[in-house]
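Working notes, structure below.
Source: prediction; values computed, not measured. Letters A, B, ... mirror the listed sequences (proteins, then strands); counts begin at 1.
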Amino acid sequence: MTNKIIRRSPVTFGPKPSTVENRGHWVVALEYEGEGDGPHLIDLSHCPRWDFQDGNLDKFKPVGISIPKQPGICVLSNGTLINRMNGTQAAVWHLSGEATDIPPETGYTDVTDATVFLAIMGRNAFAITEKLSALDLNDPARTPPFLIQGPFSHVPCQIVVMAGDRELPVILLACSRGYAHDMVDAILHAGHEFGLQPAGENVFKKWLEPLK
Amino acid sequence: MSFTLTCPICGPRNAYEFGYGGEDKGPRPDEKDLSPGDWCDYVHMNRCIAGESKEWWIHRSGCGIWFTTSRDTTCNLEVRGKAEEKDANPPLEKE
């Protein structure tokens with residue numbers, strides 16, 4: 001008897017995806033019927049995510065990328081996003097979605113299966129987030145990509161603003177996996193008046209590709 | 001009821017994002033010649049003053065950092081800048 005590994009996203013949207021792909025034991029939704037022009041809510045929970053903690057983060061370079069010196073600063077390189085969270089902690093998000101071996105250092109923890117990972121992108125994205133959080137995600141004093149940690153729909157989240165209001169807004173959001181169902185429900189409910197639709201990974205990849 | 005606290009990393013945030021960590025009682029006392037009574041006082045006794053109190057807080061819903069700040073307990077306003085001027089609250093006065 002062989003054990004087949006199946007990794008499941010904690011996110012389920014109402015409509016079924018029209019195109020899916022099996023990737024690293026995940027079933028990844030690539031496209032939905034009637035995605036429209038946005039805004040879009042995209043499930044990226046299959047993207048590998050690591051938590052990294054060490055007393056001296058400066059001496060480490062996850063996948064060859066230097067960790068930002070200041071908390072709240074993010075760096076995007078080759079499809080990998082590194083968010084400095086505090087003095088001793090950083091998050092490594094592989095936005096390209098490809099499976100990557102975790103480095104052997106003990107400071108790394110794979111949190112892919114422990115968290116839910118969503119993208120809200122498209123026009124009116126900030127109007128949607130303003131209904132769910134008092135955090136100023138559209139702060140003109142900050143240059144994307146930047147990290148804000150705080151409650152979103154009353155749930156502690158890591159939120160990265162990848163692109164601001166002057167372009168096509170792109171907001172990434174990660175929180176504990178157990179909140180996935182209610183978080184998606186709250187975002188879709190808040191975005192209903194703005195035409196928010198579930199979308200597949202292809203919409204996000206299309207946006208990310210020129211940045212890689 | 002709420003008030004604002006200033007996280008050293010995230011800036012001013014709603015107090016509901018934070019967890020209270022107790023009064024700042026200074027460094028842990030030297031265990032040499034420390035009586036059980038003094039240790040009990042250090043662990044359990046608080047000043048509970050009406051006025052400025054230096055306290056530990058954790059940004060629980062945010063970056064997770066522990067920090068100290070001063071709060072005026074009579075009006076629940078953060079007394080910004082004063083926390084850096086003091087090492088800790090004055091020691092308890094013994095009767």
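- In this structure, the side chain of A:N86 engages the main chain of B:C63 through a donor-acceptor pair within 3.5 Å.
- Summarising the local packing, CZ of B:R60 is surrounded by 12 or fewer heavy atoms from other residues, nucleotides or ligands at distances under 6.0 Å.
- The number of heavy atoms from other shown groups lying within 6.0 Å of CZ (A:F52) is above 12.
- In this structure, the side chains of B:E17 and A:P151 come closer than 4.5 Å at one or more pairs of heavy atoms.
- The 12-atom threshold is exceeded at CG of A:D58, counting heavy atoms of other residues, nucleotides or ligands nearer than 6.0 Å.
- Taking A:G87, A:A134, A:P71 one by one and counting their heavy-atom pairs under 4.5 Å with chain B, the maximum is reached by A:P71.
- Between A:Q149 and B:H59, the shortest heavy-atom distance links the atoms O-CE1, 4.2 Å.
- Dense packing is recorded around CD1 of A:I6, with more than 12 heavy atoms of other residues, nucleotides or ligands lying under 6.0 Å away.
- With a 4.5 Å cut-off on side-chain heavy atoms, A:R84 and B:I9 do not count as touching.
- Within the 4.5 angstrom heavy-atom criterion, no atom of A:L147 approaches chain B.
- Heavy-atom contacts from other residues, nucleotides or ligands closer than 6.0 Å to CD of A:E105 number more than 12.
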